[in-house]
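Working notes, structure below.
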Amino acid sequence: MNVTGVKPDKSAIITMLTTTPAEELYRQADQVRHDAVGDEVHLRGLIEFSNICRNDCLYCGLRRSNKTVKRYRLSEDEIVETAHRAATMGFKTIVLQGGEDLHFDQAKMCRIIEQIKLLDVALTLSVGEREYADYKAWRDSGADRYLMRIETTDRDLYHKLNPGMSWERRHECLLMIRELGYELGSGIMVGLPGQSVESIAQDLLYLKEIGIDMAGIGPFIPHPETPLTCETGGTLEQALRTMAVMRLLMPDINIPATTAMESLHPQGRIMALQAGANVVMPNVTEGEYRRLYELYPGKICVNDTPAYCRSCISLKIQSIGRRIGQGYGGHKCHKLEVRN
Ligand code: SAM
Ligand code: SF4
Ligand code: FES
């Protein structure tokens, strides 16, 4: 396998997702990861700053129809203080993630971004679909990266799972974000009800086609307070296979070992790091907010502290002979790694 990636051929992808022996696939992805991006694992400090959302995605515990959730949003000061503590702990990237909470309007987000950028960190936003003017203002304020999963490229499935939303609009947002010069992260969930292996292969081709810099791939885990509670959900193997194939298709992008993988298996993130992943996003949110940001049940680390998690994941990374990246850990295609 070379570092330019395997040919994007749909039937070959389907074979890798289904019949190639898993260990063989993981070994190839691990080798390609080693050759293309090296042995560093980049840590991103994840701040879950609001669990309030205007959307009603059928899979998500934060959907607006879930009346059992105690809702919260951090204040601007709390967000900046949390980012400051994370930077002091050594995180070189901060990720601000939340529901689509319009309380955080363009100007508020700009103020938060400007203050966090004083901490000498790269800043990733993950706040869903907004207007072009918002994306532009936030980029102008210093945001470096944006994460928004396309979730699935099966339009019919997307529209069933995301009432009131449009696949075309989400796709358009991703193109705007890329055009504004953000490093673009996207990805999918695997194991969605009605999702076929052909559709997952199509998803991977789509992610390659739009030229993402980061790919987040996680298993769908059914939440009891959603309409999908009785569905089966994705398996760790399905998620690892999909992630490994993504690595083979796009050798030098950043790929996180996702939290949802570890929620299915105590060593899920380590297994992912040995099957193509090179990023981990430890939670740096404080106190009860960790528990209240419940996208799916069984989320890890809800009773732990940011410092504990940082040391826990560092030890795990070292135990497999890898080292923690000391830089911002951007995609190497982006020459200007981070704007200060
Ligand atoms: N609201 C923003 C958005 O939807 O893009 C960002 C936050 S959203 C909670 C982050 C991701 O969580 C979604 O893109 C989705 O893939 C994932 N997610 C939501 N519900 C999930 C579930 N039940 N199982 C696994 N992942 C889930
Ligand atoms: Fe809101 Fe994102 Fe959850 Fe959908 S996945 S309900 S947009 S937080
Ligand atoms: Fe949170 Fe291990 S990363 S306890």
Side-chain angles (χ1 to χ4, degrees), residues 43 45-66 69 71 95-102 104 124-130 146-152 158 161-165 169-170 173-174 177 185-193 195 203 215-229 231-234 236 238-239 256-264 266-270 280-285 290 292-317 319:
L43 298 184
L46 176 67
I47 305 178
E48 298 164 333
F49 70 95
S50 169
N51 72 352
I52 298 171
C53 188
R54 61 174 163 168
N55 291 329
D56 216 16
C57 308
L58 263 52
Y59 40 79
C60 178
L62 305 187
R63 67 196 300 265
R64 67 163 190 266
S65 297
N66 183 2
V69 186
R71 304 283 172 173
V95 182
L96 292 184
Q97 193 185 78
E100 287 193 17
D101 179 0
L102 297 188
F104 291 97
T124 305
L125 303 179
S126 179
V127 294
E129 296 175 30
R130 301 286 287 245
Y146 205 98
L147 278 183
M148 185 164 65
R149 290 182 178 173
I150 193 70
E151 317 293 3
T152 172
Y158 184 89
L161 295 175
N162 302 86
M165 295 172 77
R169 169 70 187 156
R170 200 161 182 89
C173 285
L174 290 173
I177 291 164
S186 190
I188 59 163
M189 276 181 286
V190 296
L192 290 167
Q195 187 184 40
D203 297 344
I217 289 162
F220 156 61
I221 305 176
H223 187 291
E225 298 294 340
T226 66
L228 302 185
T229 175
E231 299 296 338
T232 316
L236 179 63
Q238 239 179 339
T258 53
T259 306
M261 288 175 175
E262 190 124 330
S263 300
L264 292 185
Q267 295 303 325
R269 288 177 301 178
I270 288 301
V280 181
M281 297 168 60
N283 198 337
V284 296
T285 321
R290 289 176 171 243
L292 297 178
Y293 197 85
E294 190 189 65
L295 313 178
Y296 47 79
K299 188 182 164 212
I300 57 166
C301 306
V302 288
N303 295 315
D304 298 303
T305 63
Y308 182 82
C309 286
R310 187 175 164 104
S311 108
C312 161
I313 197 65
S314 303
L315 289 171
K316 286 190 176 197
I317 290 166
S319 76

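Every number for a ligand or one of its atoms is a count from 1 in the order of the listing.
- Taking the charged nitrogens against the carboxylate oxygens, Lys299 and Glu294 have no contact shorter than 4.0 Å, which rules out a salt bridge.
- When hydrogens are left out, the protein atom nearest atom 3 (C) of ligand 1 is Arg170 NH2, 3.7 Å; that is the closest non-hydrogen contact.
- Checked against a 3.5 angstrom limit, the closest N/O atoms of Gln97 and ligand 1 fall outside it.
- When hydrogens are left out, the protein atom nearest atom 16 (O) of ligand 1 is Glu151 OE1, 2.7 Å; that is the closest non-hydrogen contact.
- Of the possible donor and acceptor atoms, one in the side chain of Tyr146 sits under 3.5 Å from a partner among the backbone N and O of Gly128.
- Nearest non-hydrogen protein atom to atom 17 (C) of ligand 1 is Arg149 NH1, 3.9 Å.
- The backbone N or O of Asp56 sits less than 3.5 Å from a side-chain atom of Arg63, completing a donor-acceptor pair.
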Is there a side-chain contact (heavy atoms from CB on, under 4.5 Å) between His223 and Leu295? Walk through the geometry before answering. CA-CA 7 Å; His223 187 291; Leu295 313 178; over 6 Å; no
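- An N or O contact shorter than 3.5 Å links Gly98 to ligand 1 by distance.
- For atom 3 (Fe) of ligand 2, the protein comes within 4.0 Å by at least one heavy atom.
- Using modelled atom types, one side-chain atom of Glu100 and one backbone atom of Glu129 make a donor-acceptor pair closer than 3.5 Å.
- At distances below 3.5 Å, not a single donor-acceptor pair connects side-chain atoms of Asp101 with backbone N or O atoms of Ser50.
- Asp304 places no side-chain N or O within 3.5 Å of a backbone atom of Cys309 that could act as its donor or acceptor partner.
- Proximity to Ser126 (heavy-atom distance under 4.0 Å) selects the following atoms of ligand 1: 6 (C).
- Heavy-atom proximity to atom 25 (C) of ligand 1, evaluated over Gly218, Pro219, Ala260, is greatest for Pro219.
- If you check which protein heavy atom lies closest to atom 21 (C) of ligand 1, you get Met189 SD, 3.9 Å.
- Within the protein, the N, O or S atoms sitting under 2.8 Å from atom 1 (Fe) of ligand 3 are Cys301 SG, Cys309 SG.
- Here's the thing with Tyr293: none of its N/O atoms is less than 3.5 angstrom from an N/O atom of ligand 1.
- Using a distance-only test at 3.5 Å, with no hydrogens or angles considered, no donor-acceptor pair links the side chain of Thr229 to the main chain of Glu225.
- For a distance threshold of 2.8 Å, the protein N, O or S atoms nearer than that to atom 1 (Fe) of ligand 2, listed by chain and number, are Cys53 SG.
- With hydrogens and angles ignored, the 3.5 Å screen pairs no side-chain donor or acceptor of Arg64 with any backbone N or O of Cys53.
- Ranking the protein heavy atoms by distance from atom 12 (O) of ligand 1 puts Leu295 CD1, 3.5 Å first.
- Of the candidates Glu262, Arg290, Arg269, the one placing a heavy atom closest to atom 3 (S) of ligand 3 is Arg269.
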Check the pair Gln195, Phe220 against side-chain contact (heavy atoms from CB on, under 4.5 Å), reporting the backbone distance first and the verdict last. CA-CA 11 Å; Gln195 187 184 40; Phe220 156 61; over 6 Å; no
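- Arg269 contributes no side-chain N or O that, together with a main-chain N or O of Ala257, makes up a donor-acceptor pair within less than 3.5 Å.
- With sequence neighbours excluded, no residue satisfies salt bridge (charged side-chain N to carboxylate O under 4.0 Å, His left out) with Arg71.
- A search for salt bridge (charged side-chain N to carboxylate O under 4.0 Å, His left out) contacts involving Arg130 returns Asp134, not counting sequence neighbours.
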Applying side-chain contact (heavy atoms from CB on, under 4.5 Å) to Leu264 and Tyr296, what does each step give before you reach the verdict? CA-CA 11 Å; Leu264 292 185; Tyr296 47 79; over 6 Å; no
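- Between the side chain of Thr258 and the backbone N or O of Ile217, at least one donor-acceptor pair lies under 3.5 Å.
- The shortest N or O to N or O distance between Tyr59 and ligand 1 is under 3.5 Å.
- Within the 4.5 Å cutoff, the side chain of Cys57 has heavy atoms near those of the Met165 side chain.
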Between Leu228 and Leu161, does the side-chain contact (heavy atoms from CB on, under 4.5 Å) criterion hold? Intermediate values first, please. CA-CA 9 Å; Leu228 302 185; Leu161 295 175; 3.9 Å; yes
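- There is no protein heavy atom less than 4.0 angstrom from atom 8 (S) of ligand 1.
- Residue Ile221 has at least one N or O atom closer than 3.5 Å to an N or O atom of ligand 1.
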